[in-house]
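So the structure is just underneath, and the comments pick up after that.
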Amino acid sequence: MTEDSGKKLTMVTCSAPVNIAVIKYWGKRDEELILPINSSLSVTLHQDQLKTTTTVACSRSFQEDRIWLNGKEEDITQPRLQSCLREIRRLARKRRSDGEADVDTAGLSHKVHICSVNNFPTAAGLASSAAGYACLVYTLSRVMGVEGELSVVSRQGSGSACRSMYGGFVQWIMGQQGDGKDSLAQQVEPETHWPELRVLVLVVSAERKPVGSTSGMQTSVETSSLLKHRADSVVPARMKEMIEAVHKRDFTAFAELTMKDSNQFHATCLDTYPPIFYLNDVSRRVINLVHRYNRHYRETKVAYTFDAGPNAVIYTLQQNVEEFVQVVKHFFPPETNGEQFLKGLPVAPTTLSEELKQAIGMEPMVKGICYIISTKAGPGPRVVEDPSEHLLGSDGLPKESA
Ligand code: DP6
């Protein structure tokens, strides 16, 4: 925390991760509190590759609450932002009235300036709202001296954001209460539990923006009986199996459940009326590629999962990464003059056997995949200690670089 005593400016910067669900959240039972119809489970991705950074400043001199996202001022009156701000301020007030002596109460009556950036292109279509709201809530809590279970607050910004409050393997327990107090995230295992697990984000070229998850899932809840069946009868057992697979580091069980759950989520999208299509031709080719690769080895070595867009997220083990990346490069040859195809953790090139290429037997598709981000499981939100990394200047306005 940086405090400028002259101008009474308090400033904190934090970063938070993206998470990718292996048991999907799709459908709410309460739109305002963001309460889901089923529990879900995700892997928190490493912040070295994908993160949101947020600076919150608070000062007596600020006239109003303001927010800048990726360099542009946005509307602070947006209901979900307001829910998060209101909840953190309420918790801070409660701590003060409960007599928690060390609480910095200065910020409570002051307005805040919020500035947030992603280290990955928003255009890549990766779920940035999860990292964004997790980071907002975490940073606000640090500025206002709030501690305790904060996933119930970030959940009210975006459902999936509650899972970004922890590192490693995280479940969002759906809860039963009407007030949502028991609908929260819990760490199943830390990121250090399964160091061999690796993640490849295949960023697929998409012509247009798909239907957003908020409105998509609303239509699914209204029209899909398959979604009701999934939430009531499929997910409860799958959650148990998935938690068991994670505890035991059983990749085959983890991978098969991940693929089946992604497929069922997209089946509920097709069962929605009118139907919603998130997978495109490239996504379907990736699905085929993964199944053919696994069939060749008679072993489930690689798994895919897709969210509300065409990008594929691949889970595999370290020992398969080099070959599978080479397979992707072979069947989706990159543009030669384009940007770097492989970003993130380094992956050494390798040669593919003719036998493997033939077993997969697909026609290569040029430029289907823009680039790959190679990453792994990582930790939850953290405070950025270096004051030079604040995104707001001492005047409380975004620095040039933010
Ligand atoms: C397909 O969390 O973006 O990524 O709660 O309306 O903000 P809101 O939706 P959001 O939905 C994410 C849906 C998903 C699956 C998942 O992450 O579990």
Side-chain angles (χ1 to χ4, degrees), residues 16-45 50 52 78-84 118 122 124-137 151-166 169-175 180 183-186 188 199 201 209-222 224 227 230-231 234-235 238-239 242 257-270 272 276-279 283 304-313 315:
V18 165
N19 72 78
I20 298 291
V22 289
I23 301 291
K24 302 294 185 193
Y25 147 54
W26 196 251
K28 297 181 186 67
R29 61 179 201 275
D30 184 313
E31 291 285 333
E32 205 155 314
L33 288 170
I34 311 198
L35 301 177
I37 59 169
N38 61 258
S39 296
S40 55
L41 195 145
S42 57
V43 179
T44 295
L45 303 191
L50 300 160
T52 296
Q78 209 222 102
R80 288 171 168 209
L81 276 174
Q82 286 298 317
S83 298
C84 293
N118 296 331
T122 317
L126 298 162
S128 53
S129 67
Y133 276 106
C135 205
L136 172 73
V137 167
S151 69
V152 292
V153 183
S154 57
R155 189 201 72 225
Q156 295 174 58
S158 181
S160 55
C162 74
R163 298 185 311 238
S164 275
M165 299 301 280
Y166 297 96
F169 302 81
V170 184
Q171 62 168 326
W172 174 8
I173 300 168
M174 65 178 286
S183 185
L184 44 83
Q186 222 170 52
V188 171
V199 183
V201 183
K209 214 178 140 38
V211 178
S213 26
T214 305
S215 70
M217 68 175 81
Q218 213 169 348
T219 320
S220 297
V221 169
E222 284 160 14
S224 169
L227 181 63
R230 164 180 165 72
V234 179
V235 174
R238 257 184 204 171
M239 282 294 292
M242 186 57 98
L257 281 166
T258 296
M259 292 188 277
K260 285 181 182 173
D261 204 70
S262 172
N263 293 341
Q264 190 177 65
F265 155 49
H266 291 279
T268 67
C269 291
L270 189 60
T272 298
I276 307 166
F277 307 102
Y278 288 124
L279 305 179
S283 322
Y304 54 79
T305 185
F306 296 83
D307 284 336
N311 293 336
V313 177
Y315 287 101

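Start at 1 and go down the list; that is how both ligands and their atoms are numbered.
- Exactly one of Ile20, Val43, Val18 qualifies for a side-chain contact (heavy atoms from CB on, under 4.5 Å) with Val313. That residue is Ile20.
- Interface of Ala21 with ligand 1, defined as ligand atoms under 4.0 Å from a residue heavy atom, comprises 16 (C), 17 (O), 18 (O).
- Proximity to Ile34 (heavy-atom distance under 4.0 Å) selects the following atoms of ligand 1: 5 (O).
- For Ser213, every heavy-atom contact with ligand 1 shorter than 4.0 Å involves the side chain, none the backbone.
- For ligand 1, the polar-atom distance check against Arg80 finds a nitrogen or oxygen pair separated by under 3.5 Å.
- Residue Gly159 places at least one N or O, backbone or side chain, under 3.5 Å from an N or O of ligand 1.
- In the vicinity of Lys28, heavy-atom distances shorter than 4.0 Å reach the ligand 1 atoms 5 (O), 6 (O), 8 (P).
- Atom CD of Gln78 sits in a crowded spot, with more than 12 heavy atoms from other residues, nucleotides or ligands closer than 6.0 Å.
- Any N or O atom pair closer than 3.5 Å counts here, and Ser40 shares no such pair with ligand 1.
- Distances from ligand 1 to the non-hydrogen atoms of Phe265 include at least one value under 4.0 Å.
- Within the structure, ligand 1 lacks Arg155 among the residues with a heavy atom less than 4.0 angstrom away.
- Atom CD of Gln171 sits about 5.5 Å away from atom CD of Gln186, to the nearest 0.5 Å.
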Item to check | side-chain hydrogen bond (donor to acceptor under 3.5 Å, both in side chains) evaluation trace for Thr305 with Lys24 | outcome: CA-CA 10 Å; Thr305 185; Lys24 302 294 185 193; 2.7 Å; yes
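- The salt bridge (Lys or Arg N to Asp or Glu O under 4.0 Å) check on Arg238 picks up Asp261, with sequence neighbours excluded.
- Contact annotation: for Ser158 versus ligand 1, heavy atoms closer than 4.0 Å belong to both the backbone and the side chain.
- For the residue pair Asn311/Tyr278, the side-chain donor-acceptor check at 3.5 Å is not satisfied.
- Listed by number with element, the atoms of ligand 1 under 4.0 angstrom from any heavy atom of Met217 are 9 (O), 11 (O).
- Arg163 places none of its side-chain heavy atoms less than 4.5 Å from the side chain of Thr44.
- Atom CD of Gln156 is separated from atom OG of Ser151 by 10.0 Å, given to the nearest 0.5 angstrom.
- Contacts between Asn19 and ligand 1, counted as non-hydrogen atom pairs separated by less than 4.0 Å, are absent for every part of the residue.
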